Amino acid sequence: MIDPHQVNTIISTTICAFLAHHPDAKIGIEEAKLLAKQIAEALNGAGLQIAAADPASATD
């Protein structure tokens with residue numbers, strides 16, 4: 001897995017951006033970070049790994 005802090009930051013930023021379009025469901029950055037951590041832990045617990053893409057395997 002890549003840096004867990006980076007993963008949490010990407011997920012929490014995405015959560016905040018998504019909920020920004022839903023005024024009744026806004027979330028603070030600290031709550032989003034906690035949710036991101038739980039999501040990453042759930043993925044890890046399910047045996048999934050978050051990894052950086054291998055540029056050598058990318059196809060155009």
Side-chain angles (χ1 to χ4, degrees):
M1 180 185 280
I2 58 177
D3 176 22
H5 178 73
Q6 183 180 17
V7 171
N8 292 342
T9 300
I10 292 167
I11 295 172
S12 62
T13 301
T14 304
I15 291 167
C16 287
F18 175 79
L19 292 177
H21 302 293
H22 299 85
D24 295 334
K26 288 202 182 234
I27 187 171
I29 189 65
E30 292 306 317
E31 291 173 306
K33 286 179 184 178
L34 291 173
L35 181 57
K37 185 177 178 183
Q38 289 181 334
I39 291 169
E41 287 174 357
L43 292 171
N44 190 37
L48 301 174
Q49 293 181 340
I50 299 172
D54 180 7
S57 67
T59 58
D60 291 326

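The structure presented is a predicted model; accordingly, all values stated were derived computationally and were not measured.
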(message) Looking at every non-hydrogen atom in both residues, tell me the closest pair between K26 and A20 and how far apart they are.
(response) NZ-O, 4.0 Å
(message) Can you pull out every ring-ring contact (aromatic ring centres under 6.0 Å, His included) where at least one residue sits in residues 32-53? Sequence neighbours excluded, please.
(response) none
(message) Applying a strict under-4.5 Å side-chain criterion to I, L, V, M, F, W and Y, I'd like to know whether L34 and I27 cluster together.
(response) no
(request) Indicate the atoms forming the closest heavy-atom contact of A40 with N8, along with that distance. (result) CB-OD1, 3.8 Å
(request) Using the rule that two of Ile, Leu, Val, Met, Phe, Trp, Tyr join whenever any of their side-chain heavy atoms come within less than 4.5 Å, decide whether I10 and L19 are in one cluster. (result) no
(message) Rounded to the nearest 0.5 Å, what separates atom NZ in K33 from atom CD1 in I11?
(response) 13.5 Å
(request) Starting at CD of E31, measure out to OG of S12 and round the result to the nearest 0.5 Å. (result) 12.0 Å
(message) Could you report the tightest heavy-atom contact between I29 and C16, atom names first, then the distance?
(response) CD1-SG, 3.9 Å
(message) Hydrophobic clusters here meaning ILVMFWY residues chained together by side-chain heavy-atom distances under 4.5 Å, can you tell me if F18 and L43 are in one?
(response) yes
(request) Could you state whether I50 and I39 fall into the same hydrophobic cluster, counting links through intermediate Ile, Leu, Val, Met, Phe, Trp or Tyr residues with side-chain heavy atoms under 4.5 angstrom apart? (result) yes
